[in-house]
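Here the structure is a predicted model, which means the values were calculated and not measured.
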Amino acid sequence: MIALRLSPAIAALLCSTPLAAQSLLPLPAAMTPGAGSFTVAEGTRIGAAADDAGATTAARLLAQHVKTVRGLTLVPGTTGPIRFVRDAGIKGDEAYRLTVTPTSIVIAASADRGFVYGAMTLAQLVSPDAAFGRPATVAATAIADAPRFGWRGLMIDPARHFLPMPALRAIVDQMAAVKLNTLHLHLTDDQGWRFEVKRYPRLAEIGGFRTPPSTGGDPGAKVGGFYTQAELKALVVYARDRGITIVPEIDLPGHAQALVAAYPELGLLGDRPEVSNNWGIMPYLFNPGPKGIAFVKAVLDEVMDVFPGTYIHLGGDEAVKDQWERSPEVQAQIRALGLKDENALQSWMIDQFGTYLQSKGRRLIGWDEILEGGLPASASIMSWRGEKGGIEAANMGHDVVMTPGTPMYLNYTQSDHADEPPGRFDVLPLSKVYDYDPMPAGIAPDRERHVLGAQGNLWSEYIVTPQQLQHHIFPRAGAVAEVTWAQRGNKDFAAFLPRVHRQGERWSRAGMQVADSAFAVEVKVDGTHGDALRRNSVPVMLTTQAPYGTIRYTTDGSVPTARSKAYAGPLTVKPGTVIRAAAFDTAGAATASPRSFDTARAALLSRSSSDMRACPAGSLGLRPPLTSESTANAPAFNINLFDTCTLYPDAPLDVARGYTVDVVRLARHYGLAHEARMLTEHYNVSDHGELLVQVGCIAAAAARKGGDKTARPTAAGAFPLPDPKTAPQRFTFTGTLPKMTGDQAGKPRAGDRDVCFQFTSPLSDPYYTVERVQLTEGGR
């Protein structure tokens, strides 16, 4: 059993709350239990005044969600035992009061959003268990609720990979289910312009489509798409009815290659680039002269016509200023304006647009780079490069939204399990998102009001399908919801886990792909695989990220159930045993799909890309798919973008005598700007470079760093790489390994050595990495 430890305040709150209310997410501000209960059954009527559009809409949403999560058909009308009541005495447009008695359920609010959030709370109350399709008994209770922060958001990026409109609407529905209220749409970038601008139609017609990057052969047909203004206006209404405001982003002055591809006269050098198929940072900026300023204002007019919300996001991030530095026209503009430098020019530009938006009753918001060169009085920021920018801006009196990359970039993978789909590879577990407090230390108490809230961001370089997007969002969106809604001090991760697991079941019923990474059992060998092979005995440990449920396992290959043996401590099994394990909650339901671990000798000698490490230094920071447009979750490859080397750690070279290495060629499509100098280039001694298999590479590098200039790894293979234009994308090499025994520096194990797989292909060629390494035993 994995024990849950609740804080005293949360434990007291939950103990005084009806059992059904303990499945609520986010946790309400106050709950008071009553006597008795109310039964919600098939055909129960919902009443809302016919002349109250907000109440009528909320009643319809309640019926839709209850149908999805409980399987009951409720009937909206003007009268019924479930009632929506407008109450001007409830302060705050997102506050609500929900009262359950044996004879009625009343949702009261002063504003439409309060009705929506009360409806979502009730939908959760009627789905506390697995009794789908049967009447729901809701314990009598009184809930008085309001959020801590007014900005509770998610950012979706359809610019890198276009997302169909139905998928956006599905995300809106499930944001509303947990009271998230802001959808930030990143609509333009180097790789795609997704917003139809009627005055400049080529922005979407040309800028909305790109050629996929090549892995060596022909690149393939163009991909992409864009949203018409009519489609986006319909989405705005759809979101508004669910309490959600859409914040559009037009990213500039950087991330503008799609713009310049469509209208090269709005660029700086007169060239016409292709819409980029490189991820990262590209050099193209838009021209900040009079023509460029007029262009942006014309675009903003159309953006404002579609999106009625207060905030318009104008990016401002990662704009390397090289084109501005090299442009005589821009340099003359800087001198004419009396500005210090290019950063000051960006600040001047942001002020122009901020003032223009302000004249229209709107407000500009941008990424924290717009602080560089001075932040115009009209601007607000999103703090993504840590919290420093947000702290500085709030203390200067500017409104801020906290969205630091760690822990609010939800495109990072949720675990290091081999079944994680593509994404940025820096594990961001559910717990780290939940632990975040959007009110950072360092903001003066009288400036705390400038922290609007927080949002999670999902950059889509490696997220191709709606299902992959959902996997990255859920269940971490539940953590974002609670850290932005729950009052300060009203959080407890242990108490959160059963509630977010229940909400995950609701999301799944709604058709969402919900990641079970936090609850999945991970099986690991205690010690090295070599030690287990030498002893012919495999000690294993079973763990989960989240401390929730009882781990149960089988060793006969069968699927574990709630009656399988409970894990109580490390196991020792014979090689060849297949361990299957899952955690189960107190109701006997599995918290995640079972995971398997094969202890056969061959399996212990095998490592996939997910088991490899970076070498000789650095980190495996990306997890790309086989091709940039691949719709499959697998294969995915953990890579170190800056050095094409991966490491098989602790290879038992007193046991293994040979190896087979499966190699994959990936597109090298990364715009690194000034970070390109960090790439390690290896001298290739054949036309397209080689794969070098080297034993003891890490130890040799450490020895050289310590002064031993003669230290070098032992060569175990050198294989010329084929011509990427004609060779298949995946191929295999085999070789033999030197037999080694005795100590290695820092590792007094017989024969365990690091083995590096280093590629020396030119940086102009595609990227290579290892898909799998299989070591083979001599004489077996």
Is [X] salt-bridged to [Y], going by a charged N under 4.0 Å from an acidic O?
X    : Y    : answer
D754 : R613 : no
D368 : R385 : yes
R534 : D654 : yes

Quick one about [Y] and [X] (side-chain donor to acceptor, distance below 3.5 Å, no hydrogens or angles considered), yes or no?
X    : Y    : value
D662 : T732 : yes
R712 : T710 : no
T660 : Q774 : no
Q758 : D643 : yes
H472 : N411 : no
S517 : E420 : yes
H471 : Q513 : no

Non-hydrogen side-chain atoms of [X] and [Y] separated by less than 4.5 Å:
X    : Y    : answer
S608 : R772 : yes
T406 : K432 : yes
M740 : T714 : yes
M382 : N457 : no
V330 : E342 : no
P738 : V695 : yes
D190 : N278 : no
V663 : R665 : no

For the backbone of [Y] and the side chain of [X], can you confirm whether one donor and one acceptor N or O come within less than 3.5 Å of each other?
X    : Y    : value
E771 : S609 : no
Q694 : V755 : no
R704 : A711 : yes
R194 : A159 : yes
W193 : F195 : yes
Q323 : L285 : yes
T599 : T577 : yes
R476 : V433 : no
R601 : L533 : yes
Q545 : Q414 : yes

Return the orientation label for the Y670 and Y462 ring planes: parallel under 30°, perpendicular over 60°, tilted otherwise.
-> tilted
Establish, yes or no, whether a centroid distance under 6.0 Å links the rings of H184 and W367.
-> yes
Distance flag, aromatic centroids of F757 and F759, threshold under 6.0 Å = no
The ring pair (Phe, Tyr, Trp, His ring centres under 6.0 Å) partner of F719 among F731, F733, Y768 is F733
Listing, residues 423-430 side-chain donor-acceptor contacts under 3.5 Å, not counting sequence neighbours, or none:
none

Assess R202 against Y263: is NZ or CZ under 6.0 Å from the centre of the six-membered ring, and within 45 degrees of the ring's axis?
-> yes
Evaluate the side-chain contact (heavy atoms from CB on, under 4.5 Å) criterion for residues D419 and R595: first the C-alpha distance (whole Å), next the side-chain angles of each, then the deciding distance (0.1 Å), finally the verdict.
-> CA-CA 10 Å; D419 57 7; R595 298 310 203 264; 3.0 Å; yes
Quick one: side chains of residues 203-216, donor-acceptor pairs under 3.5 Å with protein atoms, not counting sequence neighbours, listed by atom name and distance.
{"from": "R210", "atom 1": "NH1", "to": "E629", "atom 2": "OE2", "distance (Å)": "2.9"}
{"from": "R210", "atom 1": "NH2", "to": "R160", "atom 2": "O", "distance (Å)": "3.0"}
{"from": "R210", "atom 1": "NH2", "to": "H161", "atom 2": "NE2", "distance (Å)": "3.4"}
{"from": "R210", "atom 1": "NH2", "to": "E629", "atom 2": "OE2", "distance (Å)": "3.0"}
{"from": "S214", "atom 1": "OG", "to": "G216", "atom 2": "N", "distance (Å)": "2.8"}
{"from": "S214", "atom 1": "OG", "to": "G217", "atom 2": "N", "distance (Å)": "3.3"}
{"from": "S214", "atom 1": "OG", "to": "G217", "atom 2": "O", "distance (Å)": "2.6"}

Distance (rounded to the nearest 0.5 Å) between L775 CG and Y659 OH = 10.5 Å
Drop me the distance from D516's CG to S593's OG, to the nearest 0.5 angstrom.
-> 4.5 Å
D218, CG atom: more than 12 neighbouring heavy atoms under 6.0 Å = no
With disulfide bond (SG atoms under 2.5 Å apart) as the test, would you mind laying out the steps for C645 and C615 before giving the verdict?
-> CA-CA 5 Å; C645 183; C615 61; 2.0 Å; yes
Run the side-chain contact (heavy atoms from CB on, under 4.5 Å) check on Q470 and V514 step by step: do they pass?
-> CA-CA 6 Å; Q470 294 160 14; V514 181; over 6 Å; no
Under the criterion side chain to side chain contact (heavy atoms under 4.5 Å, CB included), which of V464, T465, I156 is the partner of L163?
-> I156
